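Computed from a predicted model, the values in this text were never measured in an experiment. All heavy atoms count here, side chains included; hydrogens, waters and symmetry mates do not.
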Amino acid sequence: MREVLLIRHGKAEAGAFGGDAARALTEEGRAGIAAVGRGLAALGIRPDALWHSPYRRATETAGVLAPLLGVGEGALSCEPLLEPGTSPERAARAVVGAGARCLLCVSHLPLLPHLAEKLTGARLDFGTGTVAHLGLLGPHGAALVGLWSAQLLARLR
């Protein structure tokens, strides 16, 4: 079964010159995402592709996670379809159509709960660093395998 992991970026600055897309991770956000990455590694998660929104906080989150999960630079992809205002239908088609065995997607609110609902039929809550682990059931959807908070994943390392 192909896997998809949806993750919300780490804790970010409240504002930034350049607007919402320019908000960086805070030091607490970097540390929290590093703990999430170590927890995912402890669970044996090894994505062969990592997609992230072009927003700075998502790009930085992907940059922290990639080495912890063994994702090479060639497997990182900046994907505008993971921006907050993207159509969940469009994002779902791209995720389902991706060729990766295990795809990790770093994105934002409000997209993530709508994308998860489009894929699974369930509406999920995404705090910063929350990970939804989905098993793709072909072109028509996915099953929820796990939903892990950043706090839980930090305890697994």
Side-chain angles (χ1 to χ4, degrees), residues 3-88 90-92 94-95 98 100-120 122-134 144-157:
E3 300 171 277
V4 173
L5 293 107
L6 305 175
I7 181 168
R8 184 171 170 210
H9 61 79
K11 184 176 180 181
E13 300 170 322
F17 181 75
D20 186 45
R23 292 173 46 217
L25 291 180
T26 62
E27 286 305 314
E28 179 185 353
R30 283 186 173 281
I33 287 300
V36 165
R38 289 189 295 273
L40 290 171
L43 290 171
I45 302 296
R46 297 287 183 265
D48 49 328
L50 196 163
W51 291 1
H52 61 86
S53 152
Y55 282 34
R56 182 174 177 184
R57 61 193 178 274
T59 300
E60 291 177 350
T61 296
V64 171
L65 290 173
L68 295 169
L69 298 174
V71 177
E73 198 169 306
L76 283 170
S77 181
C78 181
E79 297 290 340
L81 63 92
L82 293 175
E83 289 179 5
T86 299
S87 150
R90 183 173 168 243
V95 166
R101 176 197 52 79
C102 181
L103 173 64
L104 190 144
C105 297
V106 180
S107 189
H108 313 266
L109 297 180
L111 177 61
L112 284 171
H114 297 294
L115 175 56
E117 185 174 21
K118 187 72 180 161
L119 292 169
T120 67
R123 187 74 183 261
L124 308 175
D125 289 328
F126 283 87
T128 54
T130 295
V131 178
H133 184 187
L134 311 178
L144 180 63
V145 176
L147 181 64
W148 307 308
S149 68
Q151 295 78 14
L152 172 65
L153 289 166
R155 293 194 303 261
L156 299 179
R157 50 192 176 124

* With rounding to the nearest 0.5 Å, note down the distance linking CG in L68 to CG in L40. => 9.5 Å
* Interatomic distance, L82 atom CG to E79 atom CD [nearest 0.5 angstrom] -> 6.5 Å
* To do: Show your working on side-chain contact (heavy atoms from CB on, under 4.5 Å) between L65 and I33 and close with a plain yes or no.
  => CA-CA 7 Å; L65 290 173; I33 287 300; 3.8 Å; yes
* **Between E3 and H133, a side-chain donor and acceptor under 3.5 Å** => yes
* To do: Identify the residue among V106, L43, I7, L104 that makes a side chain to side chain contact (heavy atoms under 4.5 Å, CB included) with V131.
  => I7
* Structure fact -> Closest non-hydrogen atoms of A22 and F17, given as atom of the first, atom of the second and distance, are CB-O, 3.5 Å
* Asked: Which pair of heavy atoms, one from L69 and one from G37, lies closest together, and at what distance?
  -> CD2-O, 3.5 Å
* Residues L134, V95; criterion side-chain contact (heavy atoms from CB on, under 4.5 Å); working and verdict -> CA-CA 11 Å; L134 311 178; V95 166; over 6 Å; no
* Could you state the interatomic distance from CG (L5) to CH2 (W148), rounded to the nearest 0.5 Å? -> 6.0 Å
* **Nearest-0.5 Å distance, OG1 of residue T130 to CG of residue L147** => 6.5 Å
* **Exceeds 12 heavy-atom contacts within 6.0 angstrom, atom CZ of R46** => yes
* Over all heavy atoms of both residues, which pair between P80 and P54 is shortest? Give the atoms and the distance, please. => CA-CD, 3.8 Å
* Listed once per pair and sorted, the side chain to side chain donor-acceptor pair (under 3.5 Å) pairs that draw on residues 4-19, sequence neighbours left out -> H9-R57, K11-E28
* Exercise: identify the closest heavy-atom pair between L81 and A94 -> CD2-CB, 3.5 Å
* Which residue pairs satisfy the side chain to side chain donor-acceptor pair (under 3.5 Å) criterion with at least one member in residues 30-44, sequence neighbours excluded? -> none
* Would you mind reporting whether L6 and C105 have side-chain heavy atoms less than 4.5 Å apart? => yes
* Structure fact -> Here the pair of heavy atoms bringing A12 nearest to R23 is CB-NH2, 3.6 Å
* To do: Would you check if R56 and T59 make a side-chain contact, meaning some heavy-atom pair closer than 4.5 Å?
  => no
* Asked: Rounded to the nearest 0.5 Å, how far does NZ of K118 lie from OG of S87?
  -> 8.0 Å
* Below 4.5 Å, heavy atoms only, C-beta onward: do L25 and T61 meet side chain to side chain? -> yes
* To do: Would you indicate whether D20, at its atom CG, is surrounded by more than 12 heavy atoms from other residues, nucleotides or ligands within a distance under 6.0 Å?
  => yes
* Asked: Looking only at heavy atoms, what is the nearest atom pair of H114 and P88, with distance?
  -> CB-CG, 3.4 Å
* **Test item: D48 side-chain N/O and A100 main-chain N/O as donor-acceptor pair under 3.5 Å** => no
* **Atom pair CH2 (W51) and SG (C78), whose distance is rounded to the nearest 0.5 Å** => 12.0 Å
* Asked: Would you call P84 and Y55 a side-chain contact if the rule is heavy atoms closer than 4.5 Å?
  -> yes
* Could you check H108 against S53 for side-chain contact (heavy atoms from CB on, under 4.5 Å), going step by step and ending with a plain yes or no? => CA-CA 8 Å; H108 313 266; S53 152; 2.8 Å; yes
